[in-house]
2 protein chains.
Amino acid sequence: MTTEFNEKQLEILQVAEELFAEKGFDGTSIRDIAKKANINIAMISYYFGSKEKLLESLIIFRTSDLRLQLENLFSEDLSPIQKIEKLIELYINRLNKNRCLYQILHFEFSSKKRIMDFKVFTDVKKQNLLSLQKIIAEGQEKGVFRKNINTALLPPTIMGTFFHFHTNRPFYEELFNLKTEEAYDHFIKTEVISHIKQTIKAFLVYEN
Amino acid sequence: MTTEFNEKQLEILQVAEELFAEKGFDGTSIRDIAKKANINIAMISYYFGSKEKLLESLIIFRTSDLRLQLENLFSEDLSPIQKIEKLIELYINRLNKNRCLYQILHFEFSSKKRIMDFKVFTDVKKQNLLSLQKIIAEGQEKGVFRKNINTALLPPTIMGTFFHFHTNRPFYEELFNLKTEEAYDHFIKTEVISHIKQTIKAFLVYEN
DNA sequence: ACAAAAATTAAACAATCGTTTAATTTAAAC
DNA sequence: GTTTAAATTAAACGATTGTTTAATTTTTGT
């Protein structure tokens with residue numbers, strides 16, 4: 001699978017991403033997509049084969065360079081705590097940047113209806129978990145982090161916090177008075193990331 | 001709205017809950033529901049009016065006694081930390097018990113397609129947040145918790161951790177070798193709850 | 001036992017779904 | 001300029017959707 005998408009295909013992918021995230025995969029018809037993208041409904045089958053393959057193309061298109069950044073992180077000249085902080089920034093900024101897609105995945109992944117090639121994603125998750133475990137182990141050896149840490153439960157806290165915040169966006173927009181897209185985005189990049197950093201750092205350091 | 005559901009209606013609600021959680025609201029047809037519940041497709045319109053009203057009935061049916069437990073918690077004779085621990089148990093056990101429904105809500109809530117009476121839920125959320133804030137404030141006055149805590153970001157961490165774990169259930173089932181429903185349920189009630197408790201306690205106590 | 005109400009059924013409804021076809025227009029190659 | 005391929009279109013396809021209808025069975029009240 002290559003990424004040789006022409007302008008029309010990119011337009012379709014972008015519109016599909018918005019609509020899928022907004023109304024769900026099943027809730028979006030190819031006529032909705034065609035209408036919003038100003039193309040004929042047949043073009044979707046013509047370019048992607050089917051509606052399901054359109055989603056697959058979308059996923060591949062958006063999650064190609066996910067893994068490398070984390071792998072390189074370990075080798076950088078940073079303290080374990082700094083690495084954790086940077087890892088959280090990488091994670092959240094990525095989720096935040098591709099909100100729409102991850103909202104789709106978040107649901108479609110939990111759906112038993114679609115039988116897709118999700119092995120790609122479990123593999124990516126395992127790799128990411130290994131990268132995280134290396135950093136934690138390093139921190140423990142240096143005596144910065146405590147022992148007996150169940151590393152696999154850290155990503156749920158990191159990503160889950162963001163997702164739950166974003167899923168309940170209208171509630172928090174009202175609560176924190178975030179009227180514009182920029183204000184919301186800024187709140188995530190400062191307050192939410194800071195909260196997650198504090199939480200994880202405290203968890204790693206604090207002896208019970 | 002009363003809860004005078006007969007056996008047939010309860011059967012429909014239960015089957016609908018399972019299918020909605022499994023395949024999504026749009027992904028489930030009333031014929032799927034009727035088939036699994038061994039009833040005629042017309043019975044759904046007959047009893048609930050429409051497919052959307054069936055979902056509304058389901059939500060009301062499952063979220064009636066949510067608020068009281070938290071309000072009573074503050075008055076109990078417990079330390080702030082014990083209250084937080086009990087609050088987390090209340091939260092997660094409730095989410096875990098009604099996994100299916102909350103999975104539906106989790107998605108439908110973020111969907112802009114359905115325009116339902118979600119004001120009920122934002123009100124519940126605000127009430128729950130106030131209950132939590134009272135406990136945090138008490139802990140701060142007693143010098144147990146640190147200052148400058150953004151209380152509103154705690155529920156995302158508590159609930160988000162659980163949701164993200166559950167959304168990626170197949171991944172963690174493999175990782176922790178949780179082959180049966182009982183093993184999975186037990187892991188949540190012990191490991192996941194314990195992890196969240198540790199995380200939140202560390203966050204509340206640990207000075208940066 | 002009989003009448004009225006409730007429950008249940010099969011069938012049909014119009015609407016929408018994803019996909020395909022066949023014809024036409026546009027672009028590229030020579 | 002002609003030929004060939006790619007892009008685009010409108011139309012139709014069969015399947016499925018949520019809902020309604022009208023007839024039938026079951027239950028209930030008297």
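What you see is a predicted model, and the numbers here were worked out from it, not measured in a lab.
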Rounded distance in Å - [atom1] ([X]) to [atom2] ([N]):
X     : N      : atom1 : atom2 : answer
B:E11 : C:dT8  : CD    : P     : 12 Å
B:I33 : D:dT16 : CD1   : C1'   : 15 Å
A:I39 : C:dT19 : CD1   : C1'   : 14 Å
B:Q9  : C:dT8  : CD    : C1'   : 14 Å
B:D32 : D:dA15 : CG    : P     : 17 Å
A:Y47 : D:dA6  : OH    : P     : 11 Å
B:N38 : C:dT8  : CG    : P     : 12 Å
A:M43 : C:dT19 : CE    : P     : 15 Å

All N/O contacts under 3.5 Å from nucleotides 19-26 of chain D to the protein, with atom names and distances to one decimal?
{"residue": "D:dT19", "atom": "OP2", "partner": "B:K51", "partner atom": "N", "Å": "3.0"}

Pair A:S131, A:N128: side-chain N/O donor-acceptor within cut-off below 3.5 Å: no
Touch class at under 4.0 angstrom, heavy-atom based, for A:F48 against every strand present: nothing
Side-chain donor-acceptor distances from residues 77-86 of chain A under 3.5 Å, at least two apart:
{"residue": "A:S79", "atom": "OG", "partner": "A:Q82", "partner atom": "N", "Å": "3.1"}
{"residue": "A:S79", "atom": "OG", "partner": "A:Q82", "partner atom": "OE1", "Å": "3.3"}
{"residue": "A:Q82", "atom": "OE1", "partner": "A:S79", "partner atom": "N", "Å": "3.0"}
{"residue": "A:K83", "atom": "NZ", "partner": "A:F74", "partner atom": "O", "Å": "2.6"}
{"residue": "A:K83", "atom": "NZ", "partner": "A:E138", "partner atom": "OE1", "Å": "3.1"}
{"residue": "A:K83", "atom": "NZ", "partner": "A:E138", "partner atom": "OE2", "Å": "3.4"}
{"residue": "A:E85", "atom": "OE2", "partner": "A:K201", "partner atom": "NZ", "Å": "2.7"}
{"residue": "A:K86", "atom": "NZ", "partner": "A:E76", "partner atom": "OE1", "Å": "2.8"}

B:H166, B:K189, B:K179 screened by side chain to side chain donor-acceptor pair (under 3.5 Å) with B:Y184, the one that passes: B:H166
Salt bridge present between A:R169 and A:E181 (N-O < 4.0 angstrom): yes
More than 12 heavy atoms from other groups under 6.0 Å of CD on B:Q14: no
Phosphate contact (C:dA6 OP1 or OP2) by B:K8 side-chain N/O below 4.0 Å: no
A:S29 side-chain N/O to C:dC17 phosphate OP1/OP2 under 4.0 Å: yes
Step-by-step side-chain contact (heavy atoms from CB on, under 4.5 Å) determination, A:T157 to A:L153: CA-CA 7 Å; A:T157 296; A:L153 292 181; 5.8 Å; no
Side chains of A:Y102 and A:F162 in contact at under 4.5 Å (non-hydrogen atoms): no
